[in-house]
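The figures that follow rest on heavy atoms only: side chains count, while hydrogens, waters and symmetry mates do not.
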Amino acid sequence: MLGAKQQWCPRCQRHVQTEQKQSHIGRQKKLVKIIITCGRCRITLSSKTTSASVLEQQENEEA
């Protein structure tokens, strides 16, 4: 999930490498917001919020 992947960018009109950023949300830091941006023009391609425990589980399964 943390690796660079290619995704279609509507502004660039082609497949581009993406960058992924994560930030913790809330007082107890139980939520994580994941933002995927175009590596070329920096437009936001997708954004989602998930719980920190689910994200940690997914990362452990991938490793």
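- To the nearest 0.5 Å, the span separating OG on Ser51 from CD1 on Ile25 amounts to 11.5 Å.
- The distance from the CD atom of Gln17 to the SG atom of Cys38 is 10.0 Å, given to the nearest 0.5 Å.
- Annotation: the span from Gln22 atom CD to Thr50 atom OG1 amounts to 10.0 Å, rounded to 0.5 Å.
- Looking at every heavy atom in both residues, Gly39 comes nearest to Glu19 through CA-OE2, 4.0 Å.
- Going from atom NE2 of His15 over to atom CZ of Arg40 covers 14.0 Å, rounded to the nearest 0.5 Å.
- A 6.0 Å sphere centred on CD of Gln13 holds more than 12 heavy atoms belonging to other residues, nucleotides or ligands.
- Residues Arg14 and Val16 are in side-chain contact: their nearest non-hydrogen atoms beyond the backbone lie under 4.5 Å apart.
- Leu55 CG to Asn60 CG: the interatomic distance, rounded to the nearest 0.5 Å, is 9.5 Å.
- The shortest heavy-atom contact between Ile43 and Cys9 is CG2-SG, 3.8 Å.
- With values rounded to the nearest 0.5 angstrom, Gln20 atom CD is found 10.0 Å from Ile35 atom CD1.
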Give the intermediate values and the outcome of side chain to side chain contact (heavy atoms under 4.5 Å, CB included) for residues Thr18 and Leu45. CA-CA 9 Å; Thr18 59; Leu45 299 175; 3.7 Å; yes

